[in-house]
Amino acid sequence: KAGVTQTPRYLIKTRGQQVTLSCSPISGHRSVSWYQQTPGQGLQFLFEYFSETQRNKGNFPGRFSGRQFSNSRSEMNVSTLELGDSALYLCASSLGTGYNEQFFGPGTRLTVL
Amino acid sequence: QKEVEQNSGPLSVPEGAIASLNCTYSDRGSQSFFWYRQYSGKSPELIMFIYSNGDKEDGRFTAQLNKASQYVSLLIRDSQPSDSATYLCALLRGSGGADGLTFGKGTHLIIQP
């Protein structure tokens with residue numbers, strides 16, 4: 001069974017640009033959560049999608065948005081990039097809405113110059 | 001007070017000994033608690049979750065929860081060099097999961113051969 005996949009794995013952008021990251025969950029999983037990981041702040045929850053609906057949202061500005069498609073694949077968008085957005089962005093999938101079976105993808109390393 | 005606090009370490013434990021990792025939290029309404037392991041350069045993987053006060057054992061791992069004292073711990077018996085990693089404590093706060101998982105910044109564990 002294939003795991004969670006994320007594309008691209010690495011990305012370099014400049015301030016002010018926007019970026020879209022993609023996450024394909026494990027087959028059959030309907031919930032996708034997104035996290036930002038930085039050395040200073042650690043792992044922080046961005047949002048969770050289930051059946052194409054955003055269920056939960058973390059404390060991030062509106063520049064961070066996401067969506068989920070009918071096949072459960074999810075995209076995350078960050079507009080007007082800032083230097084502080086440089087981070088590892090992880091997505092995790094689970095079968096349902098609980099967190100006790102959450103599997104993380106390898107992440108997308110975003111560098112903002 | 002931080003929502004989830006962990007000693008950053010490094011915590012150095014000799015091979016074969018018991019490694020004890022601790023986590024304290026501030027939200028008394030927190031419901032569910034999770035331990036993740038993250039190897040350097042890799043994504044987190046779920047080790048265990050615990051909901052009720054007391055101990056929960058899974059192989060060499062034991063999670064302990066004390067809601068009255070607001071702490072959760074992870075014991076690793078017969079520590080192996082392959083257990084060397086950063087261990088992340090996470091929880092669902094009293095908001096019923098609306099804020100997603102809240103993570104501590106992790107404890108870096110080193111098992112010395």
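Convention: sequence-line order gives letters A, B, ...; per-chain numbering from 1.
In plain terms, the two heavy atoms of L90(A) and P44(B) that are nearest each other are CD1-CD, 3.9 Å.
The hydrophobic clustering, which links ILVMFWY residues whose side-chain heavy atoms are closer than 4.5 Å, places Y71(B) and I50(B) apart. Linking Ile, Leu, Val, Met, Phe, Trp and Tyr whenever their side-chain heavy atoms come within less than 4.5 Å leaves V4(A) and F47(A) in two separate clusters. F49(B) and F45(A) fall within a single hydrophobic cluster, where Ile, Leu, Val, Met, Phe, Trp and Tyr side chains are chained together by heavy-atom contacts under 4.5 Å.
Looking at Q37(A), only its side chain comes within 4.5 Å of chain B, counting heavy atoms on both sides. Contacts of Y35(A) with chain B are made by side-chain atoms alone, with heavy-atom separations under 4.5 Å and no backbone atom involved.
With rounding to the nearest 0.5 angstrom, the CG atom of L101(B) is 5.5 Å from the CD atom of Q102(A). Going from atom OG1 of T86(B) over to atom CG of L43(A) covers 11.5 Å, rounded to the nearest 0.5 Å. Atoms CD and NZ, from Q41(A) and K105(B) in turn, are 5.0 Å apart once rounded to the nearest 0.5 Å.
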field: Intermediate values then yes/no, ring pair (Phe, Tyr, Trp, His ring centres under 6.0 Å), Y36(B) and F104(A)
entry: CA-CA 11 Å; Y36(B) 283 83; F104(A) 280 85; 5.6 Å; yes

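With a 6.0 Å radius and a threshold of 12 heavy atoms from other residues, nucleotides or ligands, R63(A) has its CZ atom above the threshold. Atom CG of N59(A) has 12 or fewer neighbouring heavy atoms from other residues, nucleotides or ligands inside a 6.0 Å radius.
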Contacts under 3.5 angstrom, residues 105-113 of chain A side chains, donor-acceptor by atom type, not counting sequence neighbours:
from    : atom 1 : to    : atom 2 : distance (Å)
T108(A) : OG1    : P8(A) : O      : 2.5

